[in-house]
Novice: 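My structure is below; once you've seen it, I'll send some questions.
The sequence lines fix the lettering, A, B, ..., with proteins before strands; numbering per chain opens at 1.
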Amino acid sequence: METEAYTADDPACHGYQRKTARNGAIFGPPGTIYVYLIYGIYHCLNVVTDRDGVCSAVLIRALWLDQLPPAIASCPPRQRARMAAGPGKLCRSLEIDRRLDGMPLNPDSQIWLEGRSSDFAAELVQTTRIGLTKGADIPWRWYLKGHPAVSRPANGDHHCSAVPKGRHRIFRLVA
DNA sequence: CGGGTGATCCACT
DNA sequence: GTGGATCACCCGA
């Protein structure tokens with residue numbers, strides 16, 4: 001729904017300097033979960049992409065929640081769309097924390113991906129990442145254009161459609 | 001805008 | 001071992 005990419009030669013990547021106890025998971029094999037604590041109170045969920053030993057990840061910044069706990073399942077759509085609109089809120093809603101760090105994406109970890117239709121017609125916006133000092137100019141944030149759960153749409157994103165309508169593989173995150 | 005929050009890392013003892 | 005800077009955020013004004 002909304003993601004950012006970080007790679008080994010990218011100064012904003014957590015593994016850019018060196019491997020440590022905190023960021024070790026980001027050097028794992030593709031599909032490894034990397035969760036870190038930010039600003040003392042929030043967690044952020046990443047999925048490792050590049051091969052074992054190379055640091056790289058996709059930060060999951062926002063999701064639409066298909067299912068909610070029964071107590072709040074009937075909240076208005078507007079409110080529902082904002083429950084995982086941002087990497088910290090997303091982890092708070094899904095109760096994701098460092099316990100998942102280093103685990104593989106599969107049902108045994110209680111978090112995994114399910115492929116959906118492979119011809120989902122989506123229009124994506126590609127723009128710059130959020131909240132960075134280093135590598136702030138790299139346009140590696142993508143989101144579903146016009147979706148109400150996007151954390152913060154780029155200014156004037158109605159003009160920008162770097163990724164045209166077409167066939168995209170859409171995944172469902174199950175947690 | 002600014003405050004809250006705390007793990008982590010580094011440059012020093 | 002310790003002090004201070006850093007940090008990919010959220011909220012309320």
Novice: For A/Ile138 and C/dA8, what is the distance between atoms CD1 and C1' respectively, to the nearest whole Å?
Specialist: 12 Å
Novice: I'd like to know if the side chain of A/Arg98 and the backbone of A/Val35 have a donor-acceptor N/O pair within less than 3.5 Å.
Specialist: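 Such a contact is found between A/Arg98 side chain and A/Val35 backbone.
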Novice: Nearest whole Å is fine: how far is C/dG12 P from A/Ile41 CD1?
Specialist: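 Result: 12 Å.
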Novice: Using Watson-Crick or G-U wobble geometry with both distances under 3.5 Å, which nucleotide pairs with B/dT5?
Specialist: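 Pair assignment: B/dT5 / none.
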Novice: Closest to the A/Asn46 side chain: C/dA8, B/dC9, B/dC10?
Specialist: C/dA8
Novice: Could you check which nucleotide pairs with C/dA8 in any of the strands shown, counting Watson-Crick or G-U wobble with both distances under 3.5 Å?
Specialist: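 Pairing partner, where one exists within any strand: none, as none qualifies.
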Novice: Might you work through the side-chain hydrogen bond (donor to acceptor under 3.5 Å, both in side chains) test for A/Asp157 and A/Tyr143, ending with a clear yes or no?
Specialist: CA-CA 10 Å; A/Asp157 73 0; A/Tyr143 61 85; 2.6 Å; yes
Novice: For A/Tyr6 and C/dA8, is the gap between ring centres under 5.5 Å while the planes differ by less than 30°?
Specialist: yes
Novice: Return no unless some side-chain N or O of A/Lys134 is found under 4.0 Å from OP1 or OP2 of C/dT6.
Specialist: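 Looking at the OP1 and OP2 atoms of C/dT6, neither is under 4.0 Å from any side-chain N or O of A/Lys134.
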Novice: Nearest heavy atom decides the nucleotide; on that basis, is A/Asn23 or A/Gly40 closer to the 5' end of DNA chain B?
Specialist: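 On the 5' side of the pair lies A/Gly40.
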Novice: Do the side-chain N or O atoms of A/Arg92 get closer than 4.0 angstrom to the phosphate oxygens (OP1, OP2) of C/dC11?
Specialist: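 Indeed, a polar side-chain atom of A/Arg92 lies that close.
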Novice: Nearest whole Å is fine: how far is B/dA7 P from A/Tyr42 OH?
Specialist: 16 Å
Novice: Let me see the working for A/Arg172 and A/Asp66 under side chain to side chain contact (heavy atoms under 4.5 Å, CB included), right down to the final yes or no.
Specialist: CA-CA 9 Å; A/Arg172 176 192 303 249; A/Asp66 270 346; 2.6 Å; yes
Novice: Taking OH from A/Tyr39 and C1' from B/dT8, how many angstroms apart are they, rounded to a whole number?
Specialist: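 One finds 14 Å between C1' of B/dT8 and OH of A/Tyr39, rounded.
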Novice: Just do the side-chain hydrogen bond (donor to acceptor under 3.5 Å, both in side chains) check on A/Ser56 and A/Thr49 with the steps written out, would you?
Specialist: CA-CA 6 Å; A/Ser56 69; A/Thr49 52; 3.0 Å; yes
Novice: Can you tell me how far P of B/dT8 sits from OH of A/Tyr16, to the nearest Å?
Specialist: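 A/Tyr16 atom OH is separated from B/dT8 atom P by 23 Å.
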Novice: Mind calculating the distance between CZ (A/Arg18) and P (B/dC10) to the nearest angstrom?
Specialist: 4 Å
Novice: OP1 or OP2 of B/dC10 less than 4.0 angstrom from a side-chain nitrogen or oxygen of A/Arg22, does that happen here?
Specialist: no
Novice: For A/His14 and A/Tyr6, I'd like to know if the aromatic rings sit close, meaning centre-to-centre distance below 6.0 Å.
Specialist: no
Novice: A/Thr20 near the nucleic acid: base, sugar-phosphate alone, or nothing, with a heavy-atom cut-off under 4.0 Å?
Specialist: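 Sugar-phosphate contact only - A/Thr20 comes under 4.0 Å of backbone atoms but never of a base.
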Novice: Is A/Arg61 close enough to C/dC9 that one of its side-chain N or O atoms is under 4.0 Å from OP1 or OP2 there?
Specialist: yes
Novice: Where the side chain of A/Arg98 is concerned, which of C/dC10, C/dA8, B/dT8 is the nearest nucleotide?
Specialist: B/dT8
